[in-house]
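Quick caveat, the model's predicted, so the values are computed rather than measured. A note on names: the letters A, B, ... follow the listed sequences, proteins ahead of strands, and every chain is numbered from 1.
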Number of protein chains: 2
Amino acid sequence: MGIFSKTCEYAIRSVFFIAHRTAGQSGRVGIKEIALGIDSPEPFLAKILQDLSRRGIVQSTKGPNGGFYLDSASLERPLSDIVAAVDGNDIFYGCGLGLKQCSEINPCPLHNEFKDIRNKIHLMLHETKIGEFNAELMNGMLSLKK
Amino acid sequence: MGIFSKTCEYAIRSVFFIAHRTAGQSGRVGIKEIALGIDSPEPFLAKILQDLSRRGIVQSTKGPNGGFYLDSASLERPLSDIVAAVDGNDIFYGCGLGLKQCSEINPCPLHNEFKDIRNKIHLMLHETKIGEFNAELMNGMLSLKK
DNA sequence: ATAATAAAAGACTAAAATGTCTTTTATTAT
DNA sequence: ATAATAAAAGACATTTTAGTCTTTTATTAT
Ligand code: SF4
Ligand code: SF4
């Protein structure tokens, strides 16, 4: 497994996808199209998006012309909100070697280097906004497909 | 979960433990003592060490006064050898968003930042030698216990 | 109002990670 | 040689993660 769980990878990619497909115009995009757009198993992604919807990270409406979209507030959220919602905060504060009490007083051998990496991840996810890549995704410079 | 699997966390901590307990003197240390020393479930750790032993990352002998130890070559190995043996190479080369073809030509939105983090992890694990912390572990400045 | 549409909800299955227990094999001290 | 010791091997059990399928609820166009 990578840094994130599979669930979280799908979550991030789908939210990027929804963002770039619905920014500006008030359109919605359906689960089938999203699943296709990010190469993910559709029913599994549905579960994930239901959860993100309940948590207010994505917006959705049922019925004809319904689907998922992002309001302007959601577009401004940092990526870390998705990660925290799906995988929790372990990646920001957790311990690389599985110790409970990470501290400067009682550090594990990799303490300093790990802190550095953790901070880098923290920074990346907090400074990156969900809507940030819309233009590049639109013109095909970035990819969300396997 | 953290950066590594639980199996890998135990692996790293146990190898550190064996290293500092057997460096210099030609002693061995038994599974019970190791499990105690790193707060891990003994039978599970036994599995892990059997695997590391088969792969030549730790050494062992059976019978009275038997146990695990590290020869001088093993002490010089980089941490990355343990991680690669247990968790594979995904953490060094894998994709943060689960895409198959990470490339400069077809990058995902987090390409550059991820590359940076991945390189930092790579560096940390390749430059850190297994026997590197023996002195600090000996005098209690570093901890391997939950 | 009704039918069509699309997400929400919930029950279910499959696979992988984590953890336990029992038996076997190798080593060594006697 | 024998008995004691300690790891190796392998069969299980449990939990978590990943993935599927069916039914229900909300929305909208007619
Ligand atoms: S730096 Fe070391 S002690 Fe601190 S959380 Fe990471 S592994 Fe634990
Ligand atoms: S940087 Fe982006 S494209 Fe490259 S491996 Fe990471 S997630 Fe994939």
With [X], which residues qualify under ring pair (Phe, Tyr, Trp, His ring centres under 6.0 Å), at least two apart?
| X | answer |
| --- | --- |
| B:Tyr10 | B:Phe44 |
| A:Tyr69 | none |
| A:Phe92 | A:His122, A:His126 |

Which residues pass the side-chain contact (heavy atoms from CB on, under 4.5 Å) test with B:Ala135, sequence neighbours left out?
->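 Not a single residue meets the side-chain contact (heavy atoms from CB on, under 4.5 Å) criterion with B:Ala135.
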
Is the backbone of [Y] close enough, under 3.5 Å, to the side chain of [X] for a donor and an acceptor to pair up by distance?
| X | Y | answer |
| --- | --- | --- |
| B:Arg118 | B:Gly94 | yes |
| B:Asn65 | B:Arg28 | no |
| B:Asp87 | B:Phe4 | no |

Rounded to the nearest angstrom, tell me the gap between atom CZ in B:Phe4 and atom P in C:dT18.
->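 The distance from CZ of B:Phe4 to P of C:dT18 comes to 13 Å, rounded to the nearest Å.
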
So what does A:Pro41 touch, heavy atoms closer than 4.0 Å: a base, only the sugar-phosphate, or nothing?
->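 It contacts sugar-phosphate atoms only.
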
If each of B:Gly30 and A:Gly66 is mapped to the nucleotide of DNA chain D with the nearest heavy atom, which maps nearer the 5' terminus, i.e. the 5' end?
->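 By nearest-heavy-atom nucleotide position, the 5'-most residue is B:Gly30.
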
Given that A:Arg28 and A:Cys8 both sit by DNA chain D, which one's nearest nucleotide is further toward the 5' end?
->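 The residue whose closest nucleotide sits nearer the 5' end is A:Cys8.
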
Contacts of type salt bridge (Lys or Arg N to Asp or Glu O under 4.0 Å), residue [X], not counting sequence neighbours:
| X | answer |
| --- | --- |
| A:Glu33 | A:Arg21 |
| B:Asp81 | B:Arg77 |
| A:Asp116 | B:Lys120 |

Pair B:Leu49-B:Ser14, side-chain contact (heavy atoms from CB on, under 4.5 Å): steps then yes or no = CA-CA 8 Å; B:Leu49 285 176; B:Ser14 66; 3.7 Å; yes

Convert the base pairs of DNA chain D into dot-bracket notation, remembering that pairs crossing earlier ones are written with [ ] and that bases paired across to another strand are shown as |; include only Watson-Crick or G-U pairs under 3.5 Å.
-> ||||||||||||||||||||||||||||||

Using a cut-off of strictly less than 4.0 Å between a heavy atom of the residue and any atom of DNA chain C, enumerate the qualifying residues of residues 56-63 of chain A by number.
->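 Only A:Ser60, A:Thr61, A:Lys62, A:Gly63 qualify.
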
Nucleic acid contacts of residues 44-55 of chain B, taken as heavy-atom distances under 4.0 Å to DNA chain D =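 Within residues 44-55 of chain B, the residues near DNA chain D are B:Lys47, B:Gln50, B:Ser53, B:Arg54.
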
Would you tell me if any nitrogen or oxygen in the side chain of B:Tyr10 comes within less than 4.0 Å of OP1 or OP2 on C:dT18?
->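 Result: no.
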
Looking at residues at least two apart in the chain, or sitting in another chain, which of them share a side chain to side chain donor-acceptor pair (under 3.5 Å) with B:Asn134?
->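 Residues passing side chain to side chain donor-acceptor pair (under 3.5 Å) with B:Asn134: none at all.
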
Between the side chains of B:Gln59 and B:Ser74, does any donor sit under 3.5 Å from an acceptor?
->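 Checked: B:Gln59/B:Ser74 side chains pair up, N/O donor to acceptor below 3.5 Å.
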
Does anyone know the first and last nucleotide of DNA chain D in reach of chain A, 5' to 3', at under 4.0 angstrom to a heavy atom?
->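 From 5' to 3', the first and last contacting nucleotides are D:dA18 to D:dA29.
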
